[in-house]
Chemist: 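Can you read through this structure? Questions will come right after.
Given the structure is predicted, the values throughout are model-derived calculations rather than measurements. When a residue number appears, it is its place in the shown sequence, counting from 1. Only this structure's heavy atoms are used, side chains among them; waters, hydrogens and symmetry mates stay out.
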Amino acid sequence: SRDLEQHCWEMQKMKEDASLKEDANAKDAVVSNLEDELSGLRAQHEKTKVLLEECKTAIDHLEKENEAAQKSHESEMQAQREELYKSIEIQRHLESEQIMQVTSLEELKTSQEDFQKKLEERDGTIASLQKDLKKETSLAKCRGAEMASLNENCVRGESNKV
């Protein structure tokens, strides 16, 4: 009975050992699978790190391009603003000159009108003087004829006395 007990115990022990060995093998398989998954995850992590670095590099490159484009745009806008200011200044200068020319033309027109009035007054004066001169000339002719007639009468009268 003791042998039987011993034998049963050994059989039980072998069964437990076999069961433990199966559990160990199963656990080894799970560990192996987990290690394979971990290895895959590590590889994927490395690829992700490489992709992340590439993305960072691309982002840095795009930021630099954007910054350069923005500076170029700002420079362009500044140049356009300066051109606009110059254009406005030129336009103001031209407007000022135009105002001066209009003022000068108005003054010239006023001066011309005044001169025209003076010419008309002078023409009136000349016409009046010509009229007066004609009258005086007519009177002078008449007086000359009278004087000639008187002279003739005087000369006759003198000759009659002699």
Side-chain angles (χ1 to χ4, degrees), residues 1-140:
S1 113
R2 215 168 211 254
D3 281 338
L4 188 54
E5 239 180 73
Q6 176 74 25
H7 180 65
C8 281
W9 183 79
E10 283 176 8
M11 285 298 271
Q12 184 65 29
K13 180 82 171 142
M14 279 174 45
K15 259 188 178 179
E16 285 178 8
D17 284 347
S19 179
L20 284 175
K21 196 171 188 180
E22 276 181 28
D23 283 349
N25 285 341
K27 287 181 181 177
D28 283 345
V30 169
V31 167
S32 178
N33 284 342
L34 288 174
E35 284 176 346
D36 288 345
E37 276 187 47
L38 183 59
S39 177
L41 288 172
R42 283 187 178 141
Q44 192 175 358
H45 177 68
E46 287 302 315
K47 285 180 186 176
T48 304
K49 278 174 54 177
V50 169
L51 285 175
L52 183 62
E53 283 302 314
E54 288 175 358
C55 286
K56 284 181 182 178
T57 302
I59 289 171
D60 287 346
H61 179 70
L62 288 173
E63 284 177 346
K64 286 178 184 175
E65 281 184 355
N66 187 32
E67 189 176 313
Q70 190 173 359
K71 284 181 182 178
S72 173
H73 178 70
E74 286 173 1
S75 295
E76 216 172 276
M77 291 302 289
Q78 182 62 30
Q80 287 179 357
R81 274 194 296 273
E82 288 174 6
E83 284 299 313
L84 181 61
Y85 292 144
K86 285 179 186 176
S87 174
I88 289 170
E89 282 302 313
I90 289 170
Q91 185 177 359
R92 285 180 180 161
H93 178 72
L94 290 175
E95 286 175 355
S96 175
E97 279 189 12
Q98 189 177 21
I99 289 169
M100 287 182 355
Q101 287 176 350
V102 166
T103 302
S104 188
L105 283 173
E106 287 172 349
E107 289 173 354
L108 183 62
K109 183 180 176 186
T110 302
S111 175
Q112 185 180 7
E113 288 170 353
D114 290 347
F115 183 70
Q116 187 66 35
K117 283 178 187 174
K118 286 179 183 175
L119 280 178
E120 288 170 2
E121 287 174 6
R122 190 197 69 176
D123 287 347
T125 303
I126 289 174
S128 176
L129 287 173
Q130 284 176 338
K131 214 182 209 184
D132 289 349
L133 182 61
K134 280 182 184 176
K135 283 181 187 175
E136 290 295 323
T137 304
S138 283
L139 285 174

Chemist: Kindly state each residue pair satisfying salt bridge (charged side-chain N to carboxylate O under 4.0 Å, His left out) with at least one member in residues 87-110, sequence neighbours excluded.
Modeler: E89-R92

Chemist: Are the side chains of L34 and L38 in contact, using a 4.5 Å heavy-atom criterion?
Modeler: no

Chemist: Once salt bridge (charged side-chain N to carboxylate O under 4.0 Å, His left out) is applied, what residue pairs with a partner in residues 19-38 remain, sequence neighbours excluded?
Modeler: none

Chemist: CD/E10 to CG/D17 distance, rounded to the nearest 0.5 angstrom?
Modeler: 11.0 Å

Chemist: Could you tell me the separation between the CE atom of M77 and the OG atom of S75, rounded to the nearest 0.5 Å?
Modeler: 11.5 Å

Chemist: Donor-acceptor pairs under 3.5 angstrom involving side-chain atoms of residues 112-125: please list them, not counting sequence neighbours.
Modeler:
residue	atom	partner	partner atom	Å
T125	OG1	E121	O	2.9

Chemist: Going by the side chain to side chain donor-acceptor pair (under 3.5 Å) test, which pairs reach into residues 45-59, not counting sequence neighbours?
Modeler: none

Chemist: Tell me which one of K64, E63, E65 satisfies side chain to side chain contact (heavy atoms under 4.5 Å, CB included) with H61.
Modeler: E65

Chemist: Is S72 reaching over with its side chain to a backbone N or O of A68, donor-acceptor style, under 3.5 angstrom?
Modeler: no

Chemist: Using the salt bridge (charged side-chain N to carboxylate O under 4.0 Å, His left out) rule, collect all pairs that involve residues 130-139, keeping only residues at least two apart or in two chains.
Modeler: none

Chemist: Return each pair, listed once, that meets salt bridge (charged side-chain N to carboxylate O under 4.0 Å, His left out) where at least one residue sits in residues 66-82; pairs must be two or more places apart or across chains.
Modeler: E67-K71

Chemist: So how far is it from H7 NE2 to M14 CE, rounded to the nearest 0.5 Å?
Modeler: 8.0 Å

Chemist: Working to the nearest 0.5 Å, report the span between CD1 of I99 and CG of L94.
Modeler: 11.0 Å

